[in-house]
A.B. asks: 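The structure that follows is given in the form of structure tokens.
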Amino acid sequence: MRHNVFSSLGERPGSLRRKSVRPTSRAADREQQSRISNIESGGYPVSADRVRSLARLYGCADEALIEALTRMTGGRTRGWWDEYREILPAGALDLAEVEHHAQSMRIATVVHIPGLLQTPEHARALFRDVVPPLSPPEVEHLVSHRIKRQAVLYREQPIPLSAVVHETALRMGFGGPDVARDQLEYLLTASEYPHIDLRVIPFGTGSFPSSGAGIVYFAAEVARLDSVQVDGDRFEFIDTEPQLIKYRAVLDRLEASALKPDASRDLVRRIAQSI
């Protein structure tokens, strides 16, 4: 399914349309359908004034939603991720933009360290193992994109991040002992920031919900713009209310199954020392 307005600047009008009562064809009586479609597909930057105009056309009266969307616009400017537009899949750009606009994030992973908490060498080791194999330039583009995404955690107003990681991910050893040790040490450093909450589900915990898939929950300025990504390789975003409720409950249970932050850091430290 297509992700909502929160996930791409160009998708904002699409969200207004889906959350209002008028179909696109009604709006098209007053504005060319081709332009509307181009905006929704991300091919045309959208300004705050255009968001308000389209809200009127679509009959959207939710002022909180409209104001949140206008604050997320970049006018005719593009984000840093646009430099990758002809290089990486469109979904990779969408992901960077979702993270840029999120108010907070919750992540749960089993096999991999969350991308926002990976070191360059760890990420490089992962991309080098992709099948079919990537060329060295492709690997480096993916690594640089992943590292640039991490700026949301270290900017002036960083995103609060809650990450639940299974012990499996800590012991995978991607890249060899040196890379694996550096990755765990970086996790320890990152977990000391007040806005980063790292919790580990240790071996022996037993079953837990959604035990196979990675989950990322993006909380927006208004709840109606929240999104979820499951199994990040597909770059698909979910924004229906039943699914959002489901994944909030799943993340709550995963956090309840995990060790507290201090105990989680102790476990990460012990694993790093054992490598």
Side-chain angles (χ1 to χ4, degrees), residues 7 79-100 102 105-155 158-159 161-193 195-201 212-218 229-237 264-265 268-269 271-272 275:
S7 62
W80 64 262
W81 47 86
D82 193 56
E83 67 187 79
Y84 294 89
R85 187 164 297 278
E86 303 300 325
I87 301 172
L88 299 182
L93 279 64
D94 293 339
L95 175 60
E97 193 166 5
V98 172
E99 293 168 340
H100 176 78
M105 291 174 58
R106 301 172 71 185
I107 299 177
T109 63
V110 177
V111 177
H112 291 292
I113 302 296
L116 291 180
L117 297 174
Q118 290 178 8
T119 64
E121 286 303 322
H122 180 97
R124 188 170 288 109
L126 295 178
F127 291 128
R128 283 175 175 166
D129 281 341
V130 169
V131 177
L134 302 171
S135 68
E138 289 174 324
V139 169
E140 293 309 312
H141 286 314
L142 287 164
V143 171
S144 66
H145 177 266
R146 178 158 295 181
I147 300 307
K148 286 182 179 179
R149 285 169 44 211
Q150 297 176 4
V152 298
L153 296 178
Y154 305 109
R155 62 194 184 191
I159 293 177
L161 173 67
S162 174
V164 176
V165 180
H166 195 273
E167 185 175 348
T168 300
L170 305 179
R171 295 186 179 274
M172 290 300 292
F174 293 115
D178 291 341
V179 171
R181 188 183 308 107
D182 288 346
Q183 174 61 73
L184 296 182
E185 290 175 352
Y186 178 74
L187 270 185
L188 289 171
T189 299
S191 69
E192 295 291 345
Y193 283 89
H195 62 281
I196 298 177
D197 185 284
L198 175 67
R199 298 173 187 242
V200 177
I201 298 178
I215 302 170
V216 186
Y217 191 102
F218 308 94
Q229 185 186 59
V230 181
D231 191 2
D233 288 343
R234 293 182 295 180
F235 295 118
E236 294 181 358
F237 295 84
S264 294
R265 277 191 289 270
V268 174
R269 189 174 294 109
I271 296 173
I275 295 175

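Below, each value reflects all heavy atoms present in this structure, side chains not excepted, and no hydrogens, waters or symmetry copies.
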A.B. asks: Residues in side chain to side chain contact (heavy atoms under 4.5 Å, CB included) with T109, at least two apart?
C.D. replies: I107, P114, V165
A.B. asks: State which residues pass side chain to side chain contact (heavy atoms under 4.5 Å, CB included) with D182; sequence neighbours excluded, sorted by chain then number.
C.D. replies: E185
A.B. asks: Who pairs with H100 by side chain to side chain donor-acceptor pair (under 3.5 Å), at least two apart in sequence or on another chain?
C.D. replies: none
A.B. asks: Going by salt bridge (charged side-chain N to carboxylate O under 4.0 Å, His left out), name the residues that satisfy it together with R265, two or more places apart in sequence or in a different chain.
C.D. replies: E192, D262
A.B. asks: Just jot down the side chain to side chain contact (heavy atoms under 4.5 Å, CB included) partners of I147, sequence neighbours excluded, or say none.
C.D. replies: P120, V143, Q150
A.B. asks: Of all heavy-atom pairs between I271 and L184, which one has the smallest distance, and what is that distance?
C.D. replies: CG2-CD1, 3.6 Å
A.B. asks: Can you tell me how far the CG atom of L170 sits from the CD1 atom of I201, to the nearest 0.5 Å?
C.D. replies: 11.0 Å
A.B. asks: Determine, stepwise, if the pair L116 / I159 fulfils side-chain contact (heavy atoms from CB on, under 4.5 Å).
C.D. replies: CA-CA 11 Å; L116 291 180; I159 293 177; over 6 Å; no
A.B. asks: L88: which residues meet the side chain to side chain contact (heavy atoms under 4.5 Å, CB included) condition with it, sequence neighbours left out?
C.D. replies: Y84, A92, L93, H141, L142, H145
A.B. asks: List in chain and number order the residues that pass salt bridge (charged side-chain N to carboxylate O under 4.0 Å, His left out) with D82, two or more places apart in sequence or in another chain; answer none if no residue qualifies.
C.D. replies: R85
A.B. asks: Identify, with sequence neighbours excluded, every residue that meets side chain to side chain donor-acceptor pair (under 3.5 Å) alongside R124.
C.D. replies: E121, E140
A.B. asks: Do I113 and T119 have side-chain heavy atoms sitting under 4.5 Å apart?
C.D. replies: no
A.B. asks: How would you list, by chain and number, every residue that makes a salt bridge (charged side-chain N to carboxylate O under 4.0 Å, His left out) with E138, sequence neighbours excluded?
C.D. replies: none
A.B. asks: Could you tell me which residues satisfy side chain to side chain donor-acceptor pair (under 3.5 Å) with Y217, sequence neighbours excluded, listed by chain and number?
C.D. replies: D226, R248
A.B. asks: Show your reasoning for whether side-chain contact (heavy atoms from CB on, under 4.5 Å) applies to K148 and E83.
C.D. replies: CA-CA 12 Å; K148 286 182 179 179; E83 67 187 79; 2.9 Å; yes
A.B. asks: Nearest heavy-atom pair of L134 and F127: which atoms, and what distance?
C.D. replies: CD1-O, 3.8 Å
A.B. asks: If I compare all heavy atoms of W81 with all of A96, which pair ends up nearest, and what's the gap?
C.D. replies: CB-CB, 3.9 Å
A.B. asks: Using the side-chain contact (heavy atoms from CB on, under 4.5 Å) rule, take L161 and V152 through it: C-alpha gap first, then chi angles, then the decisive distance, then the call.
C.D. replies: CA-CA 10 Å; L161 173 67; V152 298; over 6 Å; no
A.B. asks: Of all the heavy-atom pairs spanning R146 and A123, show the shortest one and how long it is.
C.D. replies: CD-CB, 4.0 Å
A.B. asks: Is it the case that the side chain of H122 and the backbone of G175 share a donor-acceptor pair, with hydrogens and angles ignored and the cut-off at 3.5 Å?
C.D. replies: no
A.B. asks: With Y193, which residues qualify under side chain to side chain donor-acceptor pair (under 3.5 Å), at least two apart?
C.D. replies: none
A.B. asks: Quick check: does any side chain N or O of E167 sit under 3.5 Å from a backbone N or O of V200, one acting as donor and the other as acceptor?
C.D. replies: no
A.B. asks: Under the rule for salt bridge (charged side-chain N to carboxylate O under 4.0 Å, His left out), what residues qualify as partners of R128, not counting sequence neighbours?
C.D. replies: none
A.B. asks: Hey, can you tell me if F218 and F237 have their rings parallel, tilted or perpendicular (30° and 60° cut-offs)?
C.D. replies: tilted
A.B. asks: Identify the heavy atoms of V110 and T168 that sit nearest to each other, and give their distance.
C.D. replies: O-CB, 3.5 Å
A.B. asks: Which atom names give the shortest non-hydrogen contact between I275 and R181, and what distance separates them?
C.D. replies: O-NH2, 3.1 Å
A.B. asks: If we only count heavy atoms from C-beta on, is the V216 to L95 side-chain gap below 4.5 Å?
C.D. replies: no
